[in-house]
Amino acid sequence: MKIDLRLEDGITVVDLEGTITIGEGDVQLRKTLFALIERGQNKILLNMERVGYMDSSGVGELISCFKEVHERGGQLKLLNISKKIKDLLQITQLLSVFEYFSDEAKALSSFK
Amino acid sequence: MKIDLRLEDGITVVDLEGTITIGEGDVQLRKTLFALIERGQNKILLNMERVGYMDSSGVGELISCFKEVHERGGQLKLLNISKKIKDLLQITQLLSVFEYFSDEAKALSSFK
Amino acid sequence: MSQLKDIKFVDLRFSTSLGILDIIKSLMGRICEQMEFDEDSSYWIWLATQEALNNAIKHGNKMDKNKFVHLVLSTLDDEFTISVQDEGEGFDQSSIPDPTAPENLLKTSGRGLFFMRNFMDRVEIQINQGTKVTLTKKIKGSPS
Amino acid sequence: MSQLKDIKFVDLRFSTSLGILDIIKSLMGRICEQMEFDEDSSYWIWLATQEALNNAIKHGNKMDKNKFVHLVLSTLDDEFTISVQDEGEGFDQSSIPDPTAPENLLKTSGRGLFFMRNFMDRVEIQINQGTKVTLTKKIKGSPS
Ligand SMILES: Nc1ncnc2c1ncn2[C@@H]1O[C@H](COP(=O)(O)OP(=O)(O)O)[C@@H](O)[C@H]1O
Ligand SMILES: Nc1ncnc2c1ncn2[C@@H]1O[C@H](COP(=O)(O)OP(=O)(O)O)[C@@H](O)[C@H]1O
């Protein structure tokens with residue numbers, strides 16, 4: 001998985017590219033986010049536009065990141081999830097847990 | 001396999017792209033060449049620049065085309081064979097059977 | 001010749017490895033295409049299969065490279081059957097919690113079997129020598 | 001985790017099909033890479049294997065989709081062994097002509113076994129129930 005970070009209005013946008021599956025992106029994503037939180041950057045927007053595939057390990061990973069960010073008083077939101085990833089979050093009843101957006105500007109202003 | 005034909009100075013240059021293996025390009029190549037011969041276009045230069053892989057069926061196919069063209073009084077020559085295909089023709093001692101070139105202009109003028 | 005391209009049956013036994021997963025993915029993609037599953041169905045079939053393979057590797061064989069995973073893909077006119085067998089100790093199916101129960105919603109694991117059941121028409125689990133999970137998907141429109 | 005990517009052993013039985021060849025090619029490419037064969041060696045190993053598979057499909061199983069081809073890939077530290085078995089009637093090895101003899105030079109077939117012998121370190125043929133061809137390639141520099 002490719003992970004790029006950019007800071008927009010004090011919010012870290014994490015641009016992901018690839019798959020979030022067992023032994024692939026998962027550990028890498030967690031490490032990146034945990035490092036961000038350590039540095040106090042705890043407003044995080046995960047841009048999943050280029051994540052084409054995610055399995056149950058990936059879902060678990062998202063939750064693990066979500067919980068960690070929240071425990072540290074931060075916020076983790078999702079941007080541009082694909083129809084299929086939305087389906088996965090829907091059937092696992094997690095869609096109401098994650099805030100998600102399809103417009104970056106709106107997503108960013110929601111952190112205010 | 002992709003096969004493109006172009007006429008240069010009365011010689012048909014056959015630009016091949018793909019692999020010449022069992023069940024792939026082989027029959028297709030034969031059909032194309034036989035159709036050319038039927039139409040009297042029996043000076044043929046096979047441009048193999050984009051043929052990355054050929055197995056023993058492919059070698060057989062080349063020979064079958066070669067023989068057919070010769071029986072009809074035509075000529076079949078090779079252009080831009082890769083190092084590996086050259087190796088294959090070398091060890092099968094066919095390198096001396098096929099005339100081959102690495103320069104199209106030279107190849108074309110050799111038909112005169 | 002084109003008929004001879006079809007892959008009707010594959011029986012694959014491999015030493016525990018994650019590196020083989022994307023090759024199996026290509027293989028299954030090819031079979032789904034040839035069975036004319038639409039793109040979405042193929043996607044979910046692979047997801048379910050990957051969950052079964054992950055469980056075999058992780059929970060069954062416990063990442064032990066000296067153990068094997070046994071995958072069988074078999075196609076009929078109207079259904080695709082995938083079985084995944086490991087050399088592990090099995091597990092108690094009745095003790096598997098429902099991942100959509102409120103107290104489990106934020107658990108970081110426990111959704112693999114749920115996905116398999118969601119996306120396949122039939123999921124059978126046999127525990128004998130290791131765990132064998134059999135997934136079946138019918139071609140849309142075929143009588144069930 | 002990276003070690004768990006390695007593919008040590010694969011045992012693949014498939015219904016006669018040409019469509020599976022490029023998936024086997026990817027699989028072998030992966031193994032060759034992991035064994036650190038250079039690009040040229042990998043190329044010739046695949047060529048030899050493909051010749052064996054073609055023979056199994058064409059001459060052994062005579063394109064019969066109800067017959068199976070059995071491929072086993074096994075890796076040791078210093079060698080890669082590939083065996084290909086079919087369900088055919090076998091053949092008389094002593095009657096196979098040398099494709100480089102002048103009278104055979106322009107034959108349109110008969111170079112498959114020759115390629116296998118040329119590019120592999122060892123080629124063994126056992127004819128029992130069908131033909132089993134075992135190809136071995138040593139890692140460069142390892143004692144033979
Ligand atoms: N092949 C298997 N061998 C042993 N235990 C298994 C196997 N498959 C599943 N399990 C058990 O069932 C549980 C639930 O599996 P699953 O729903 O796939 O979620 P997860 O793999 O995320 O835990 C696993 O945690 C494991 O205890
Ligand atoms: N697996 C097999 N089963 C039966 N016959 C075989 C097999 N492999 C090779 N042969 C016989 O050996 C001959 C030579 O094989 P080969 O050198 O691969 O060239 P080709 O396949 O082009 O004929 C074949 O024509 C066939 O008669």
Side-chain angles (χ1 to χ4, degrees), chain C residues 1-36 46 49 53-77 80-83 85-87, chain D residues 1-36 46 49 53-77 80-83 85-87:
Chain C
M1 200 61 121
S2 98
Q3 272 267 39
L4 200 66
K5 290 236 146 204
D6 279 8
I7 305 170
K8 277 174 56 180
F9 179 90
V10 175
D11 178 317
L12 175 66
R13 230 178 114 249
F14 56 95
S15 56
T16 304
S17 153
L18 290 173
I20 204 173
L21 291 182
D22 54 341
I23 284 155
I24 296 175
K25 182 181 177 185
S26 308
L27 172 60
M28 294 207 35
R30 183 70 53 83
I31 296 177
C32 282
E33 204 177 289
Q34 135 201 330
M35 294 188 78
E36 296 177 5
W46 168 243
T49 306
L53 290 166
N54 284 351
N55 283 353
I57 290 171
K58 216 169 44 173
H59 303 306
N61 291 354
K62 298 198 173 17
M63 312 278 195
D64 180 349
K65 293 200 294 174
N66 297 312
K67 290 190 166 166
F68 292 87
V69 178
H70 192 167
L71 170 75
V72 179
L73 306 177
S74 88
T75 68
L76 288 179
D77 285 344
F80 185 16
T81 303
I82 298 131
S83 84
Q85 174 148 30
D86 61 51
E87 299 183 347
Chain D
M1 202 61 125
S2 99
Q3 271 266 42
L4 200 67
K5 289 235 147 202
D6 281 7
I7 305 169
K8 279 173 57 181
F9 179 92
V10 175
D11 176 317
L12 176 66
R13 231 178 112 247
F14 57 93
S15 56
T16 303
S17 154
L18 290 173
I20 203 171
L21 291 181
D22 54 342
I23 284 155
I24 297 176
K25 182 181 178 186
S26 308
L27 172 61
M28 294 206 37
R30 182 71 53 84
I31 296 177
C32 283
E33 205 177 290
Q34 136 202 330
M35 294 188 77
E36 296 176 4
W46 169 244
T49 306
L53 289 167
N54 284 352
N55 282 353
I57 291 171
K58 217 167 48 175
H59 303 305
N61 291 353
K62 298 198 169 31
M63 313 276 196
D64 179 349
K65 293 200 294 174
N66 296 311
K67 290 191 167 165
F68 292 87
V69 178
H70 192 168
L71 170 74
V72 179
L73 307 177
S74 86
T75 68
L76 288 178
D77 285 344
F80 185 17
T81 302
I82 298 132
S83 85
Q85 174 147 31
D86 61 50
E87 301 184 344

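In what follows, every chain begins at residue 1, and chains take the letters A, B, ... in the order their sequences are listed. Keep in mind that what you see is a predicted model, and the values were worked out from it rather than measured.
Residue F68(D) holds its CZ atom at 7.0 Å from NZ of K8(C), rounded to the nearest 0.5 Å. A distance of 11.5 Å separates CG of L4(D) from CD1 of I20(C), quoted to the nearest 0.5 Å.
The main-chain N or O of D6(C) is found under 3.5 Å from a side-chain atom of S17(D) such that the two form a donor-acceptor pair. The main-chain N or O of I23(C) is never found under 3.5 Å from a side-chain atom of S26(D) such that the two would form a donor-acceptor pair.
Taking the ring-ring contact (aromatic ring centres under 6.0 Å, His included) definition, one finds that F14(D) meets it with nothing, sequence neighbours left out.
Interface remark: of the candidates T16(D), V72(D), N66(D), D22(D), D22(D) forms the most heavy-atom pairs closer than 4.5 Å to chain C.
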